[in-house]
**Q** 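Please see the structure below; I have some questions.
Since the model is a prediction, treat every value here as computed from it, not as a measurement. In the text below, chain A, chain B and the rest are named by the order of the sequence lines, each starting its count at 1.
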Number of protein chains: 2
Amino acid sequence: MSTAQRTTQCTTLSATLSATLAVSTVIFALRPVEKHDDAASGVMTLWLPLVRRTSDPHRNQWALPGGWLPNHEELAAAAARTLRETTSLTPTYLEQLYTFGAIGRSPGRRVVSVVYWALVKSDEAAQVAVGDNVRWFPADSLPQLAFDHNRIVEYALWRLRTKVEYSRIAHSFLGETFTLAQLREVHEAVLHRSIDPANFRRRVEASGDVVETGEFLAGTRHRPPRLYRFNDASPPATPPPSGRRPSDIPARPHSEEAP
Amino acid sequence: MSTAQRTTQCTTLSATLSATLAVSTVIFALRPVEKHDDAASGVMTLWLPLVRRTSDPHRNQWALPGGWLPNHEELAAAAARTLRETTSLTPTYLEQLYTFGAIGRSPGRRVVSVVYWALVKSDEAAQVAVGDNVRWFPADSLPQLAFDHNRIVEYALWRLRTKVEYSRIAHSFLGETFTLAQLREVHEAVLHRSIDPANFRRRVEASGDVVETGEFLAGTRHRPPRLYRFNDASPPATPPPSGRRPSDIPARPHSEEAP
DNA sequence: ACAAAAGTGTTCGCCTTACACCCATGG
DNA sequence: CCATGGGTGTAAGGCGAACACTTTTGT
């Protein structure tokens, strides 16, 4: 096949079908809420990092990290890569959220965005180099974002809040070991309401999602709390296309792609 | 911009990024299960229509209805159209399921498929013209399908079964009015297990999702059952990006696209 | 000793389940 | 009048919400 032929075919394809494919990610982390005087209070809330656009549709507006999908890269891998390149974060949780493809969503050409959502640990989030083009925003009070990104974040927030109640994704915000109070803080920050410590303890212990380490956390102002660890053996209760159903199909390593 | 320039740019785009975008749909309907002698028993089960591929990757294998995404057509509209063109069905429910884009899923070029799932009413499903290239299959025992379509159907089935328990999509299988026994049949067929009629009645009545019509269904072998109607005023309890959250954002007519 | 957080016990009300029972109609 | 599905009553078990209470540490 000559170059001319290939080029012609491409023109046809691109004119009649073929919108441009992009991948974006909504990243959530828990960070201490700021006081007026830039001191940090102990209370944690949901934040997300945004990047400032440097090119033209919506130049200078804040937007979700993302980029075009390279032909040779898996969807989830592209999400993880663009996320790392723009914010230098590594997610502990990454799942496809939704695909946005309405015709008018990007001025000019048709763009279809496969959007992922990610959770990162608090300590890692603290190390992000913020600058003129990357900044954290409180998830509940965002400025006006580029494209339809406000709606996307809103949907991702809803997804996070509903999913935290029936799955164990809250662990993704925490380190290897944690106290039940810390785990409760995560739930309280995500759902932003207070939770009865006694009932929370019993619910979590009964779920089998955590196991005692035997260790205690030292250095607290008062009685030292037990440290727990995530229980890898308990069932996921959720199957986005690779979090497989119990039976049949052989699981594949680490991606959520079905072939 | 000259034609040459445009063509060159296109070649670049298509070589480095831009996979091809497709839309497919998993369609579910309830149909009476077949007996060995081709008589129909009264029991209903889940079926889905598949089309036989006529072109080359996986030629002659069964596959989900679908097609390439035209540049000027909304995602959901493309799903509804390809579904109508291949099976002449009109869905009463249509929702985005997931986007499958793994590199090896289609031999040759990279294809990213935005997959929808749909429900159609039983009486309409009965009128589908089956032929050599369109046929109904029981959802639980499919042949080997083209591409990754077996996995896609498996995921759609899981989605249907979990969603039927907390939302009112079961109504989408039924007509304008229905008896509680018919509604229960839908649940039983989807979940394939029997449900206590007494408890089911109370649960549904308490949910507020249905209202009595005052009419009764005549012509049954025994006591005539009440007819109910779907209650449009009760809350959706579910928000794929347009099934909006209670508050803030103005609802948009009928599509699930966020702009 | 006292404040404050860790952790335990107990009660209440709601919802689901199981199952016994009555009701209405066609044959 | 009786078989069959429509429809009602009721009691037991599970689970979350509320809240009183005990335990253990640092200061």
Side-chain angles (χ1 to χ4, degrees), chain A residues 32 41-44 161-162 164-168 170 174 177-229 234-235 237, chain B residues 32 41-44 161-162 164-168 170 174 177-229 234-235 237:
Chain A
S41 84
V43 191
M44 304 289 266
R161 289 188 168 131
T162 55
V164 83
E165 304 203 89
Y166 69 88
S167 82
R168 24 177 234 211
L174 298 170
T177 65
F178 49 87
T179 69
L180 289 190
Q182 288 169 337
L183 184 59
R184 180 166 48 84
E185 264 185 274
V186 173
H187 280 81
E188 290 179 336
V190 169
L191 304 172
H192 60 243
R193 61 184 176 85
S194 56
I195 298 171
D196 185 301
N199 297 329
F200 182 80
R201 163 179 302 277
R202 271 183 295 256
R203 215 157 34 81
V204 170
E205 279 175 343
S207 75
D209 288 343
V210 301
V211 285
E212 299 181 2
T213 61
E215 313 279 313
F216 290 79
L217 179 60
T220 60
R221 279 198 307 288
H222 297 293
R223 174 176 176 175
R226 266 180 207 289
L227 283 170
Y228 289 80
R229 169 176 284 107
S234 90
Chain B
S41 84
V43 190
M44 303 288 267
R161 288 186 169 134
T162 56
V164 82
E165 304 204 88
Y166 68 88
S167 82
R168 22 174 236 211
L174 298 170
T177 66
F178 48 86
T179 69
L180 289 190
Q182 288 169 336
L183 183 60
R184 179 166 49 83
E185 263 186 277
V186 173
H187 280 82
E188 289 180 337
V190 169
L191 303 173
H192 59 240
R193 60 185 176 86
S194 56
I195 298 172
D196 185 301
N199 298 329
F200 181 80
R201 161 179 302 278
R202 270 183 295 255
R203 214 158 35 82
V204 170
E205 279 175 343
S207 75
D209 288 344
V210 300
V211 285
E212 300 182 359
T213 62
E215 313 278 314
F216 289 78
L217 180 62
T220 61
R221 278 197 307 289
H222 298 294
R223 173 176 175 176
R226 268 180 206 287
L227 283 170
Y228 289 80
R229 179 190 314 286
S234 91

**Q** Does a salt bridge link A/E165 with A/R193, judged by any charged N lying under 4.0 Å from a carboxylate O?
**A** yes
**Q** To the nearest 0.5 Å, what is the distance between CG (B/L180) and CZ (B/R202)?
**A**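 It comes to 12.0 Å.
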**Q** Under 4.0 Å, counting only non-hydrogen atoms across every strand here, what does A/T179 touch: a base, just sugar-phosphate, or nothing?
**A** nothing
**Q** Nearest to the side chain of B/P225 - D/dA18, D/dT4, D/dG7?
**A**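 Among D/dA18, D/dT4, D/dG7, the one nearest the side chain of B/P225 is D/dG7.
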**Q** Would you mind writing out the side-chain donor-acceptor pairs for residues 218-226 of chain A within the sub-3.5 Å range, not counting sequence neighbours?
**A**
residue: A/T220; atom: OG1; partner: A/H222; partner atom: O; Å: 2.7
residue: A/R226; atom: NH1; partner: A/E212; partner atom: OE1; Å: 3.2

**Q** Measure the distance from CZ on A/R193 to C1' on D/dA17 and round it to the nearest whole Å.
**A** 11 Å
**Q** Quick one: pull up CZ in B/R201 and CG in B/D196 and give me the separation to the nearest 0.5 Å.
**A**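 B/R201 CZ to B/D196 CG: 11.0 Å, rounded to 0.5 Å.
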**Q** Can you see which heavy atom on B/T162 is nearest to which on B/Y166, and at what distance?
**A** O-CD2, 3.2 Å
**Q** Is there a donor N/O on one and an acceptor N/O on the other, under 3.5 Å, for the side chain of A/R223 and the base of D/dT23?
**A** yes
**Q** Does B/A181 reach a base, just sugar-phosphate, or nothing at all? Heavy atoms under 4.0 Å.
**A**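 Sugar-phosphate only.
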**Q** Can you tell me the distance, in whole Å, between the CZ atom of B/R184 and the C1' atom of D/dG7?
**A** 11 Å
**Q** Along DNA chain C, 5' to 3', what are the outermost nucleotides having an atom less than 4.0 Å from a heavy atom of chain B?
**A**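 Listing 5' to 3', DNA chain C meets chain B from C/dT17 to C/dG26.
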**Q** For A/E165 and D/dG16, give me the distance from atom CD to atom P, rounded to whole Å.
**A** 12 Å
**Q** Between the protein and nucleotides 12-15 of chain D, are there any N/O to N/O pairs under 3.5 Å, and if so, what are the atom names and distances?
**A**
none

**Q** Send over the distance from B/R226 CZ to D/dG6 C1', rounded to a whole Å.
**A** 10 Å
**Q** Is a donor from one side chain sitting under 3.5 angstrom from an acceptor on the other, for A/S234 and A/R168?
**A**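 A/R168 and A/S234 do have a side-chain donor-acceptor pair below 3.5 Å.
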**Q** Under a 3.5 Å threshold, yes or no: a donor from one side chain and an acceptor from the other, between A/Y228 and A/Q182?
**A** no
**Q** Taking CD from B/E212 and C1' from D/dT8, how many angstroms apart are they, rounded to a whole number?
**A** 14 Å
**Q** Strictly distance-based, threshold 3.5 Å: is any side-chain N or O of B/T213 a donor or acceptor partner for the main-chain N or O of B/R229?
**A** no
**Q** Whole angstrom is fine here: how far is it from CZ in A/F200 over to P in D/dA18?
**A** 16 Å
**Q** Of all heavy-atom pairs between A/H187 and A/V164, which one has the smallest distance, and what is that distance?
**A**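 Closest approach of A/H187 to A/V164: NE2-O, 3.6 Å.
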**Q** Is any N or O donor-acceptor pair between the side chain of B/R202 and the base of D/dG9 shorter than 3.5 Å?
**A** yes
**Q** Between D/dG5 atom C1' and B/L227 atom CG, what is the distance in whole Å?
**A** 15 Å
**Q** Specify the separation, in whole Å, of atom NE2 of A/H222 and atom P of D/dT27.
**A** 8 Å
